[in-house]
Amino acid sequence: MTDLSDISVSGLWRVLTQDLDPVETKEWLDAFDAVVQNEGAERATFVLRKLLDHARMMRVPMPPVLNTPYANTVSLADQPQFPGNAEIEARISALVRWNALAMVVRANRTHPELGGHIATYASSADLFEVGYNHFFRAGQNGDAIYFQPHSAPGVYARAYMESRLSEEHLDNYRRETGGKGLSSYCHPWLMPEFWQFPTGSMGLGSITSIYQARFMRYLEDRGILETKRRKVWCFVGDGEMDEPESIAGLAMAAREGLDNLIFVVNCNLQRLDGPVRGNGSIVQELEGLFAGAGWNVIKVMWGSDWDPLFARDRDHVILKRLHETVDGEFQKYAATDGRFNREAFFSKYPELQQLVAHMSDEDIDRLKRGGHDPIKIYAAYHAAVNHRGRPTVILAQTKKGYGMGTAQGKMAAHQAKKLEDDTLLAFRDRFALPLSDNDVQALRFYKPAADSPEMKYLHARRQALGGYVPARAPKGLVLPVPPLDSFARLLEGTGDREQSTTMVFVNMLSQLLRDKTLGKHVVPIVADEARTFGMQSLFRQVAIYSPHGQLYEPEDKDELLYYKEAKDGQILEEGITEAGAISSWIAAATSYSAHGVPMLPFYIFYSCFGFQRIGDLVWAAGDSRARGFLLGATAGRTTLSGEGLQHEDGSSHLLFSTMPNCVAYDPAFGYELTVVIRDGMRRMLENQEDVFYYVTVMNENYAHPAMPPGAEEGILKGLYRIREAGKKAGLGTQGSGLGKKRVQLLGAGTILREVLAAAESLESEWNVGADVWSVTSFTELRRDGIGVERHNRLHPTGNQKRSWVEQCLDKTAGPVIAASDYMRTVADLIRTWVPRKYVALGTDGYGRSDTRAALRDFFEVDRRHIVVAALKALADEGAIDAGTVQRAIEKYAVGADRPNPWEA
Ligand SMILES: Cc1ncc(C[n+]2csc(CCOP(=O)(O)OP(=O)(O)O)c2C)c(N)n1
């Protein structure tokens, strides 16, 4: 007996096809057939289950039961009638193929540097065309379609046939800067009226589509929008399925019964470098993976011309041969001709050879894989859209570079884009294109006349399905935002009461949830950290969304703030998946466009597990023109005492500064946070600006002052004076009593309080006047500075502007010292515009566990270090002598023998 224990999963199903006793096998099968025929399928399932349990008890190694044979899931008998005109559709599809090919090859002939892919689309063309002609419903009440990124040329070529793009557009493929170009992949940022969902980075289409399907359910279950009839289609590559993000949401999709979700995996068996599973079978592997996660799996392996072969193959010799074949061989068969296929594949067994004896080599060459047969694809899509209770994956077997002559199935097919004339002519012949040799050589685009049967058919099909796809709505409905004074309670300060900015945020969120107009649009999102951020009160207030409601009595039911789940719950509690949580956030943040309903998502997370963990999804959010708030909590490197290296964030503001449309703030006080969030809502919901916000909040408790009059503008611009030199110490205002010794102290976030304390020390202990400035956003200040610099550069003879940093600091005196809870580079972002000597303190290095006070001492950002830095800056300018600085170092015990924090 074969020892199954050391055989890989992909090898197992092949080994199990070796039948050592066919007679005995037949007896078993006959007995089973009798059960099915006499007692029905249900009884047969029961018997099977019993047998499996019994075998498990006897420790018999199990075959991979999640796998089915290497054949179509939908049987010929269950195949629905194809409702379209197959001939016309084939002609349309051939023309789209040609135009896509011509577009890529043309672009590369003129500009070889441009790149471009055609082999991916060549393999997926029929998968798309069946969708376009029969399934994809358009509009904000239609389907959400996530296209496989490298098939973008085909989507453009289709839009050209539909007269939505012009020849000029196609001619500017990958040349966007002139304003008429087409982006390489699906990018809503670049084509805001065309692409809806960015998928260019492998894996992100998959996870975001899953959470999109779940978000559509959420809208329905909360009574916000009817989404029942709508589907989410996600087209992905088989190689792409290796990305962690591709599979991260599979279990959730099944758990939540997302039968509005259809994955189509284009199994051309190749990725960029070579085969996806040369030594195994990607289709069988994916089948097991999806089935194990609880999905409905439909395999589309073979075209209709295989049906008669399978029908005559009573001994299942075809399947036996297929199961012996690894993907590397299937690829070779794709790259070779009918003659080779006959010899290498069919001639292995006499029975098999016999099955194709009546076929010519050309007939064998024409045998289609399932993903190239619209009839089989239609049957699979039809089964998928009608399946209830579970998401469906369609594993469609195709050939990479299908129809591209010598490039088909070739190892380097992915990057083929410079096709020779003879290959192009062969392509023309292969798809019976109405093009002359000259047309082919000149790569002329082809669109039939408007009154041709093809064009009439194409438009009629799209009209029946509600219009054209993809199409994106760039504007949303305007939602009125409450005025700032409606948050008066949060602007008044806390007196002596100590509170964290996280609590201020939770109070504001709670108020927004109660707002009559805005309330129901708010989407609080957490990844299993609600209690960490003191948000458990919201569990009871608005409940956690669960499509199943709450099937159990929660352990804490007797408590006021119990763990409440409800079908119309408002909180998205994602569990420990930051990738899932941000995907939910993206769905909510783009709802204004995808669904015509603006939503206001707040996703709050440990700031260290934000951009650092899921930066590529944030990038996709920016591309998607997402509008919403990301809250980096327990932010900064020293506010989360005791947690250490992995949890303490000192770089998230730097990372978010890479996002062109992200507006980021690091507020210190409750009123700053309130002003920032209110203005963010105004910009996103009222002004319809395609920006999103990253706001850091802390868990450190301290008293919050009331908002100083007139501070609002500075808070939003990123810098305002919070303390005037001498004022608080009772030494009078600037200039009086403090002589020339003056410094400007800049503080951000939690370190602002250290800066304020340093100012007190400088005045009372060292007779140095200190103005203190609160920096709510170094990144916004930099953005303003860059904008001003650019304006001045391009208008050298015009009115020269001043940056906000310059406007604030120009009229002040003394060196400028900044301190934040982030690495120095964050404060350095504004160095260019600081008009005098500038010293930046920050928390460079790995975080470590300790108390806040010890950490701030370690990273040299506490009040003592700020005083020393200020005195040294004054000494460098000759305003005081170096001995004074040395005295301060000794007084505060911050001498040179300390470990260097970024080396330690
Ligand atoms: C995150 C990421 N990594 C790498 C790439 C580069 N890349 C683009 S397409 C591709 C191969 C895709 O193979 P597959 O998913 O099998 O799709 P196919 O083109 O074969 O249909 C790779 C590696 C990318 N776009 N995104």
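All ligand and atom numbering here is 1-based and tracks the order in the structure. For reference, positions follow the sequence shown, starting with 1.
For a threshold of 3.5 Å applied to N or O pairs, the pair formed by Leu272 and ligand 1 contains no separation below that value. Ligand 1 has no N or O atom lying under 3.5 Å from any N or O atom of Arg271, backbone or side chain. Taking any N or O of Asn268, backbone or side chain, at least one lies under 3.5 Å from an N or O belonging to ligand 1. Taking only nitrogen or oxygen atoms, main chain and side chain alike, Val276 does not reach within less than 3.5 Å of ligand 1.
Side chain to side chain, Lys376 and Gln79 meet the donor-acceptor criterion of an N or O pair below 3.5 Å. A donor and an acceptor atom, one from each side chain of Tyr603 and Glu574, are nowhere located under 3.5 Å apart. Glu240 and His150 form no side-chain donor-acceptor contact under 3.5 Å, judged by distance and modelled atom types alone. A side-chain N or O of Tyr694 and one of Ser652 form a donor-acceptor pair less than 3.5 Å apart.
Scanning Pro149, Gly239, Cys267 for the heavy atom closest to atom 14 (P) of ligand 1 points to Gly239.
Close contacts of ligand 1 with Lys400, meaning ligand atoms under 4.0 Å from a residue heavy atom, involve 18 (P), 19 (O), 20 (O). Near Glu243, with a cut-off below 4.0 Å to any heavy atom, the atoms of ligand 1 are 1 (C), 2 (C), 3 (N). Close approach of ligand 1 to Ser201 (heavy-atom distance below 4.0 Å) involves ligand atoms 1 (C), 26 (N). Of all the atoms in ligand 1, the ones that sit under 4.0 Å from a non-hydrogen atom of Asn266 are 21 (O). Atom numbering of ligand 1 starts at 1 in the shown order; those under 4.0 Å from a heavy atom of Glu240 are 14 (P), 15 (O).
A donor-acceptor contact shorter than 3.5 Å is absent between the side chain of Trp233 and the backbone of Val264.
Residues Asp126 and Ser93 have side chains in contact (heavy-atom distance under 4.5 Å, counting atoms from C-beta outward). A heavy-atom distance below 4.5 Å is found between the side chains of Leu630 and Ile582.
Phe147 pairs with exactly one of Tyr156, Phe128, Phe194 by the ring-ring contact (aromatic ring centres under 6.0 Å, His included) rule, that one being Phe128.
From the protein, the heavy atom lying nearest to atom 21 (O) of ligand 1 is Gln148 NE2, 2.7 Å. Protein heavy atom in closest approach to atom 19 (O) of ligand 1: Thr120 OG1, 2.6 Å. Among protein heavy atoms, the minimum distance from atom 12 (C) of ligand 1 is reached at Met202 SD, 3.8 Å.
Inside a 4.0 Å radius of atom 24 (C) of ligand 1 there is at least one protein heavy atom.
Aromatic rings from Trp585 and Phe605 are positioned such that their centres are separated by 6.0 Å or more.
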